[in-house]
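Written below as structure tokens is the structure these notes are about.
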Amino acid sequence: MMKATIEKGSLYIFDCDIDLYRTFNCGQAFRWKSVSDSVFTCVLGERIVTVSKEADCIAISPCENEIDKAFYTHYFDLERDYTAIEDYMLSNTVLSRCIPYAKGIRILNQAPFETLISFIISANNNIKRISKTIDNLCAAAGRRIGDTNHYTFPTPQSIADLSIEDLLKIGTGYRASYIKDTAIRICEGFPLEELRDLDYCTAKSKLMELKGVGGKVADCILLFSLGHYNAFPMDVWMKRAVNALFFNGKQVSRDELCALIESLGANAGIIQQYIFHYARQIGIK
DNA sequence: CGCCAGGATTCGC
DNA sequence: GCGAATCATGGC
């Protein structure tokens with residue numbers, strides 16, 4: 001059990017080996033900004049959240065009550081035993097290579113609609129520009145918080161209300177119509193939150209009904225916002241990493257890939273994120 | 001400048 | 001069901 005206390009508007013978690021930098025920069029989230037080496041900030045829901053770490057203690061604010069604490073516990077996936085996952089990886093000759101580069105990553109439980117739109121934007125795009133485009137989208141259609149430079153992520157309706165020209169100006173490129181169409185589908189009642197309770201394959205198929213959502217983007221949404229930890233997103237980095245790490249550089253068949261993912265078990269998606277970050281850190285080719 | 005990016009869609013077979 | 005062309009655009 002994690003040790004935690006709420007004090008003076010902050011939540012303190014003790015004996016926590018999360019690596020904040022890796023967690024916020026491993027390609028699962030696009031809006032966290034670093035204030036310093038150990039302090040990061042992001043808008044979550046309607047408020048500006050700040051997280052810092054000193055030794056093995058992380059501080060999260062604002063936190064006023066048990067409801068806030070429960071939100072952060074879920075968001076940062078604090079109840080999961082990541083040590084067990086990392087120990088499993090260390091026991092595997094191939095996976096152990098990722099640990100020095102990726103130890104301390106947590107899979108965040110992000111807001112599904114934000115994750116959906118963010119990963120539609122991610123298609124055939126680079127992480128720097130994805131972040132910038134999302135920031136533009138928030139400034140254009142989100143709500144400004146006080147007189148700060150922070151904005152909430154837009155509601156489905158406020159994105160649906162944007163014109164294609166607006167979305168192009170923001171920098172979404174050819175994904176503009178996908179974003180608008182998908183936002184409209186959500187407004188019309190697409191059961192995004194309910195995908196959490198469906199089995200993985202059914203939830204993935206349902207997501208892929210949305211414009212701009214193919215298999216890889218669906219896996220990202222399932223893994224980063226809907227609790228499907230077996231989802232295993234395969235982008236260009238992961239393809240290179242899997243080829244290099246598990247198949248000695250040879251091309252992989254679909255069946256071989258499925259067998260590999262299956263062998264990684266219920267936490268395959270979490271392991272995937274460690275591999276992904278490793279691949280990017282070493283600049284795998 | 002040319003190539004790349006957490007790919008999806010569309011089309012032809 | 002599978003390969004190839006196409007898509008918009010900043011980063012490097």
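Chain A is the first sequence line, chain B the second, and so forth, proteins listed ahead of strands; every chain is numbered from 1.
A salt bridge is defined here as a Lys NZ or Arg NE, NH1 or NH2 lying under 4.0 Å from an Asp or Glu carboxylate O, and A:D17 with A:K103 meets this definition. Looking at A:K206 and A:E194, no side-chain N of the basic residue comes within less than 4.0 Å of a carboxylate O on the acidic one, giving no salt bridge.
Heavy-atom nearest nucleotides on DNA chain B were determined for A:K211 and for A:R280, and the one closer to the 5' end corresponds to A:R280. Remark on DNA chain C: of its neighbouring residues A:T172 and A:K128, the 5'-side contact belongs to A:T172, judged by nearest-heavy-atom nucleotide. When each of A:N125 and A:R254 is assigned the nucleotide of DNA chain C with its nearest heavy atom, A:R254 is the one assigned upstream, toward the 5' end. Summary of the strand contacts: A:S122 and A:L210 both lie near DNA chain B, and taking for each the nucleotide with the nearest heavy atom, the more 5' one is attributed to A:S122.
Across C:dT9 and B:dC1, the matching C1' atoms stand 15 Å from one another, rounded to whole Å. Nucleotides B:dG6 and C:dG3 are separated by 22 Å at their C1' atoms, to the nearest Å. Between the P atoms of B:dC4 and C:dA5, the separation comes to 15 Å (whole Å). Nucleotides B:dT9 and C:dG10, compared at atom P, are 23 Å apart to the nearest Å. Spacing of C1' atoms, B:dA5 relative to C:dC7, comes out at 14 Å, to the nearest Å.
Interatomic distance, CG of A:L78 versus CG of A:N109, reported as 10.0 Å (0.5 Å rounding).
Residue A:G212 is classed as a sugar-phosphate contact, given heavy-atom separations below 4.0 Å to backbone atoms only.
At a cut-off of 3.5 Å, with distance as the only test, a side-chain donor of A:T202 or A:D199 sits close to an acceptor on the other residue. One side chain, A:D166 or A:S163, offers a donor N or O that lies under 3.5 Å from an acceptor on the other.
Residues from residues 98-110 of chain A with heavy atoms under 4.0 angstrom of DNA chain B: there are none.
Legend: residues meeting ring pair (Phe, Tyr, Trp, His ring centres under 6.0 Å) with A:Y278, ordered by chain and number and at least two apart, are A:Y101.
In this structure, CD1 of A:I130 is placed 12 Å from C1' of B:dC4, rounded to the nearest angstrom. The interatomic distance linking A:L207 (CG) with B:dT9 (P) rounds to 12 Å, in whole Å. Going from atom CG of A:L116 over to atom C1' of B:dA8 covers 14 Å, rounded to whole Å. Separating the CG atom of A:D235 from the C1' atom of B:dA5 is a distance of 9 Å, rounded to the nearest angstrom. Atom CE of A:M234 is separated from atom C1' of B:dG6 by 11 Å (rounded to the nearest Å). If you take OH of A:Y174 and P of B:dG7, they are 8 Å apart, rounded to a whole angstrom. Going from atom CZ of A:R129 over to atom P of B:dA5 covers 13 Å, rounded to whole Å. Atom-to-atom, NZ of A:K239 to C1' of B:dA5 comes out at 13 Å; the value is rounded to the nearest Å.
Nucleotides of DNA chain C with any atom under 4.0 Å from a heavy atom of chain A span, from 5' to 3', C:dC7 to C:dC12.
Judged by the 6.0 Å distance and 45° axis criteria, A:R80 is positioned over the aromatic ring of A:Y229.
The aromatic ring of A:F276 sits over the base of B:dG6, with ring centres less than 5.5 Å apart and planes inclined by under 30°.
Counted within 6.0 Å of OH on A:Y151, heavy atoms from surrounding residues, nucleotides or ligands total more than 12; the atom is thus considered enclosed.
Separation of the A:F119 and A:F30 ring centroids falls under the 6.0 Å cut-off.
Across B:dT9, B:dA8, B:dG6, the shortest atom-to-atom separation from the side chain of A:A123 is found for B:dA8.
Taking the six-membered ring for Trp and thresholds of 30 and 60 degrees, A:F71 and A:Y75 have nearly parallel ring planes, at less than 30 degrees apart.
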